[in-house]
Amino acid sequence: QVQLVESGGGLVQPGGSLRLSCAASGSIPFSYIMGWYRQAPGKQRELVASIAPDGATNYRDFVRGRFTISRDNIKSTVALQMNSLKPEDTAVYYCNVHVYFGGQKYWGQGTQVTVSS
């Protein structure tokens, strides 16, 4: 089993920045994709960004150019630097691990991000 713990959420004004972090522990698999998802009230959970073990990244259009995802394979952590935040970025942000072989998915408990004046 893999445990994921997110941190770094909070309240920020429009145009501001936040940095989210996620730490993985437990039976960490050899090869996996790490990603960030978000879920706003009344909406479906959606992918924000993901990063492969070799550092290859994937961003959804609505965050490209504003957010940056990174990972540390030794420390088993993933971060999301969020700049130029907008009110529509308000959501609970979840860390995700997707195992290449077997297809197992693991989720953190989520961290709240609120963008408001």
Side-chain angles (χ1 to χ4, degrees):
Q1 184 63 253
V2 175
Q3 294 80 45
L4 302 174
V5 180
E6 304 99 332
S7 63
L11 174 65
V12 65
Q13 294 184 337
S17 298
L18 283 174
R19 184 177 179 86
L20 306 182
S21 296
C22 173
S25 62
S27 300
I28 304 172
F30 176 75
S31 185
Y32 55 94
I33 298 172
M34 302 190 79
W36 288 95
Y37 289 70
R38 69 186 186 186
Q39 186 169 20
K43 299 181 66 177
Q44 295 289 318
R45 188 174 299 185
E46 62 182 359
L47 174 69
V48 176
S50 64
I51 183 167
D54 65 354
T57 57
N58 180 57
Y59 297 95
R60 294 290 298 276
D61 289 343
F62 54 81
V63 301
R64 188 175 291 111
R66 299 189 297 124
F67 293 7
T68 302
I69 189 171
S70 61
R71 68 186 286 169
D72 187 323
N73 291 329
I74 297 176
K75 297 181 178 180
S76 299
T77 59
V78 61
L80 184 69
Q81 178 66 45
M82 304 185 294
N83 300 324
S84 302
L85 284 162
K86 306 173 181 179
E88 50 263 45
D89 294 320
T90 296
V92 177
Y93 284 70
Y94 295 91
C95 181
N96 170 263
V97 163
H98 176 76
V99 181
Y100 281 121
F101 305 106
Q104 296 98 324
K105 295 181 176 67
Y106 302 94
W107 298 93
Q109 81 288 348
T111 184
Q112 177 70 46
V113 171
T114 302
V115 184
S116 176
S117 298

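Since this is a predicted model, take the numbers as computed values, not measurements.
- Applying the under-4.5 Å side-chain rule to Ile, Leu, Val, Met, Phe, Trp and Tyr, the cluster around L11 consists of that residue alone.
- Heavy-atom minimum distance, N83 versus S17: OD1-OG, 2.8 Å.
- Cluster membership for L4 and V99, using ILVMFWY side-chain heavy atoms within less than 4.5 angstrom, is shared.
- Note on F62: it clusters hydrophobically with L20, by side-chain heavy-atom contacts below 4.5 Å among ILVMFWY residues.
- Within the structure, no pair that satisfies the disulfide (SG to SG under 2.5 Å) test touches residues 36-94, not counting sequence neighbours.
- At a threshold of 4.5 Å between non-hydrogen side-chain atoms, the residues Y94 and Q39 count as touching.
- Listed by first and then second residue, the disulfide (SG to SG under 2.5 Å) pairs involving residues 29-87 amount to none (not counting sequence neighbours).
- The salt bridge (Lys or Arg N to Asp or Glu O under 4.0 Å) search around R45 returns none, not counting sequence neighbours.
- Pairing each heavy atom of V63 with each of R38, the nearest pair is CG1-NH1, 4.3 Å.
- Listed by first then second residue, pairs satisfying salt bridge (Lys or Arg N to Asp or Glu O under 4.0 Å) with a partner in residues 9-37 number zero, not counting sequence neighbours.
- One N or O on the side chain of Y59 and one on the backbone of I69 form a donor-acceptor pair closer than 3.5 Å.
- Contact annotation: the side chain of L85 approaches that of F67 to within less than 4.5 Å [non-hydrogen atoms, C-beta and beyond].
- The number of heavy atoms from other shown groups lying within 6.0 Å of CD (E88) is above 12.
- Y37 pairs by the ring pair (Phe, Tyr, Trp, His ring centres under 6.0 Å) definition with W107, not counting sequence neighbours.
- For residues 30-61, no pair satisfies disulfide (SG to SG under 2.5 Å), with sequence neighbours left out.
- Within the 3.5 Å criterion, the main-chain N or O of T68 finds no donor-acceptor partner in the side chain of Q81.
- Taking a 4.5 Å side-chain heavy-atom cut-off between Ile, Leu, Val, Met, Phe, Trp and Tyr, the cluster of V5 contains only that residue.
- Nearest approach of T90 to A40, heavy atoms of both residues: O-CB, 3.7 Å.
- Under the 4.5 Å side-chain heavy-atom criterion for Ile, Leu, Val, Met, Phe, Trp and Tyr, V92 and V97 are members of distinct hydrophobic clusters.
- Residue pairs meeting the salt bridge (Lys or Arg N to Asp or Glu O under 4.0 Å) criterion with at least one partner in residues 66-81, sequence neighbours excluded, are R66-D89.
- Here the closest heavy-atom approach between residue N96 and residue H98 is recorded as OD1-N, 3.7 Å.
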Output side-chain donor-acceptor pairs under 3.5 Å for residues 49-58, partner residues at least two apart or in another chain, one line each.
from: D54; atom 1: OD1; to: A56; atom 2: N; distance (Å): 3.0

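- Within the structure, salt bridge (Lys or Arg N to Asp or Glu O under 4.0 Å) contacts touching residues 100-117 (residues at least two apart or in different chains) do not occur.
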Distance-only donor-acceptor hits, side chain of residues 21-35, under 3.5 Å, sequence neighbours excluded:
none

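- Q13 places no side-chain N or O within 3.5 Å of a backbone atom of S117 that could act as its donor or acceptor partner.
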